Peer 1: 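Before anything else, here's the structure in question.
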Protein chains: 2
Amino acid sequence: MPRAATDSDAFNAVAEPRRRDILHYLANQERAVGEIVANLGMEQPSVSKHLKVLRQVGLVRVRRHGRHMFYRTNAEAIRPMHDWTKFFERYWQRQLISVKERAEAKMDVWGRVQKPE
Amino acid sequence: MPRAATDSDAFNAVAEPRRRDILHYLANQERAVGEIVANLGMEQPSVSKHLKVLRQVGLVRVRRHGRHMFYRTNAEAIRPMHDWTKFFERYWQRQLISVKERAEAKMDVWGRVQKPE
DNA sequence: TTGACATATTCCTATATAGGAATATATTGA
DNA sequence: TCAATATATTCCTATATAGGAATATGTCAA
């Protein structure tokens with residue numbers, strides 16, 4: 001079984017660094033495809049294909065104006081990722097637990113208080 | 001060119017939903033592989049392979065104790081993802097800009113204040 | 001209507017999967 | 001030393017890429 005498709009969800013879509021660049025670039029203002037090409041230094045077909053993936057997972061919104069297609073980041077779609085990462089916020093400041101601290105807490109060698117196995 | 005490898009960075013590693021499940025499960029306490037297998041209902045080789053990817057990008061730490069390998073989430077490695085998503089925090093509460101508001105702000109039809117093209 | 005411009009799509013290929021099955025490695029206890 | 005236990009690795013395969021090149025589609029301006 002291969003990986004889940006890039007357009008299956010936001011997590012898969014933003015795994016590609018160029019797509020993260022695009023989302024960052026489109027956060028403030030909507031931009032035409034040509035602007036993305038010029039400013040991020042990617043090939044035009046490449047940009048179109050990345051935008052298609054981002055659109056399919058709702059990470060960008062698009063609006064046509066004449067020959068131009070104006071894309072803009074839909075920040076709402078990033079929120080689930082933010083929430084997922086936020087869950088770990090309380091852990092990344094935690095100290096390592098020393099042997100001494102384990103002893104004082106009456107924890108076993110596995111660092112557990114109850115249900116050793 | 002295929003996608004970047006799953007073990008190239010945290011973004012690619014967590015694109016796989018089962019790996020997110022594992023990281024969530026290992027956030028509080030370190031756990032033996034067998035516990036992950038039992039509690040998350042995955043095949044043992046599958047768990048070992050996912051753990052390998054997570055270990056290669058620093059998302060989990062491992063400690064051997066006898067026959068057991070105790071894995072634990074390294075929340076620090078999730079932080080870069082949190083920071084990236086956090087950048088968009090100020091955008092996802094933004095209101096849509098109506099025609100009226102655009103007119104008052106002297107924006108053009110593209111919603112831009114300066115540099116129309 | 002036609003040419004120029006902007007964007008999207010198609011075709012191509014090497015490559016890295018995820019999971020299943022089978023097997024290998026490592027450690028313990030007797 | 002040997003069996004049991006815990007975990008890791010290997011082999012297999014269908015599949016979805018990302019990027020390059022070429023081309024198609026859509027829209028305007030004259």
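From a predicted model like this one, the values you see are computed outputs, not experimental measurements. Each chain gets a letter, A, B and so on, in the order the sequences are listed, and its residues count up from 1.
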Peer 1: Using heavy-atom distances to pick each residue's nearest nucleotide on DNA chain C, tell me which of Gly34(A) and Ala4(A) is more 5'.
Peer 2: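 This one resolves to Gly34(A).
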Peer 1: Write down the distance between CD (Glu43(A)) and C1' (dT9(C)), rounded to a whole number of angstrom.
Peer 2: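 From Glu43(A) CD to dT9(C) C1': 16 Å.
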Peer 1: Examine dA18(D): is either OP1 or OP2 under 4.0 Å from a nitrogen or oxygen in the side chain of Ser46(A)? Give yes or no.
Peer 2: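 Result: no.
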Peer 1: Please name all residues satisfying salt bridge (Lys or Arg N to Asp or Glu O under 4.0 Å) with Lys52(B), sequence neighbours left out, ordered by chain then number.
Peer 2: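 Salt bridge (Lys or Arg N to Asp or Glu O under 4.0 Å) check on Lys52(B) returns nothing, list empty.
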Peer 1: Counting only side-chain N and O atoms of Tyr71(B), is one of them less than 4.0 Å from OP1 or OP2 of dA6(D)?
Peer 2: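 No, Tyr71(B) has no side-chain N/O under 4.0 Å of OP1/OP2 on dA6(D).
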Peer 1: Between P on dA18(D) and CZ on Arg3(B), what's the gap in Å once rounded to a whole number?
Peer 2: 6 Å
Peer 1: Return the set of residues passing salt bridge (Lys or Arg N to Asp or Glu O under 4.0 Å) with Glu43(A) (not counting sequence neighbours), or none when no residue passes.
Peer 2: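 Testing Glu43(A) for salt bridge (Lys or Arg N to Asp or Glu O under 4.0 Å), a comparison that skips the adjacent residues, returns none.
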Peer 1: Taking OP1 and OP2 of dA18(D), is either one under 4.0 Å from a side-chain nitrogen or oxygen of His50(A)?
Peer 2: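 Negative; the distance criterion is not met.
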Peer 1: So, Tyr91(B) and Asn74(A): side-chain donor and acceptor under 3.5 Å apart, yes or no?
Peer 2: no
Peer 1: Hey, are the side chains of Leu51(B) and Leu26(B) touching, using non-hydrogen atoms and a 4.5 Å cut-off?
Peer 2: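 With C-beta onward as the side chain, the pair touches.
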Peer 1: Specify whether Phe11(A) and Trp84(A) have parallel, tilted or perpendicular ring planes, treating 30° as the upper limit for parallel and 60° as the lower limit for perpendicular.
Peer 2: perpendicular
Peer 1: Just by modelled atom types, is the Ala15(B) backbone N or O under 3.5 Å from a matching donor or acceptor in the Asn12(A) side chain?
Peer 2: yes
Peer 1: Where do Val57(A) and Thr6(A) come nearest, in terms of heavy atoms and distance?
Peer 2: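 Nearest heavy atoms, Val57(A) then Thr6(A): CG1-O, 4.3 Å.
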Peer 1: Mind listing the N/O atom pairs, protein and nucleotides 10-12 of chain C, below 3.5 Å?
Peer 2:
unit_1, atom_1, unit_2, atom_2, d
dT10(C), O4, Lys49(A), NZ, 3.4

Peer 1: Round to a whole Å and report the spacing from CZ of Arg31(A) to P of dT7(C).
Peer 2: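 From Arg31(A) CZ to dT7(C) P: 13 Å.
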Peer 1: Would you tabulate the nitrogen or oxygen pairs shorter than 3.5 Å linking the protein to nucleotides 25-30 of chain D?
Peer 2:
unit_1, atom_1, unit_2, atom_2, d
dT27(D), OP1, Arg64(A), NE, 3.4

Peer 1: Are Val60(B) and Val53(B) joined in one hydrophobic group, where the rule is that I, L, V, M, F, W and Y side chains link up if heavy atoms are under 4.5 Å apart?
Peer 2: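 Val60(B) does not cluster with Val53(B).
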Peer 1: Name the residue closer to the 5' end of DNA chain D, choosing between Arg55(B) and Met42(A) according to the nucleotide with the nearest heavy atom.
Peer 2: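 The answer here is Arg55(B).
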Peer 1: Return the set of residues passing salt bridge (Lys or Arg N to Asp or Glu O under 4.0 Å) with Arg55(B) (not counting sequence neighbours), or none when no residue passes.
Peer 2: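 Listed in chain order: nothing, the list is empty.
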Peer 1: Which listed nucleotide (dG20(C), dT7(D), dA8(C)) is nearest to the side chain of Met69(A)?
Peer 2: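 Comparing dG20(C), dT7(D), dA8(C) against the side chain of Met69(A), the answer is dA8(C).
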Peer 1: In whole angstrom, give the distance that lies between atom CD of Glu35(B) and atom C1' of dA6(D).
Peer 2: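 After rounding, the gap between these two atoms is 12 Å.
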Peer 1: Where the side chain of Ser48(B) is defined as all heavy atoms beyond and including C-beta, which of dA8(D), dA18(C), dA16(C) is the nearest nucleotide?
Peer 2: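 For Ser48(B), the side-chain atoms sit closest to dA8(D).
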Peer 1: Among residues 7-23 of chain B, which contact DNA chain D at a heavy-atom distance under 4.0 Å?
Peer 2: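 Those residues: none at all.
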Peer 1: So which one's nearest nucleotide on DNA chain D is more toward 5', Gln44(A) or Ala5(A)?
Peer 2: Ala5(A)
Peer 1: So, Arg20(A) side chain and Val14(A) main chain: donor-acceptor pair closer than 3.5 Å or not?
Peer 2: yes
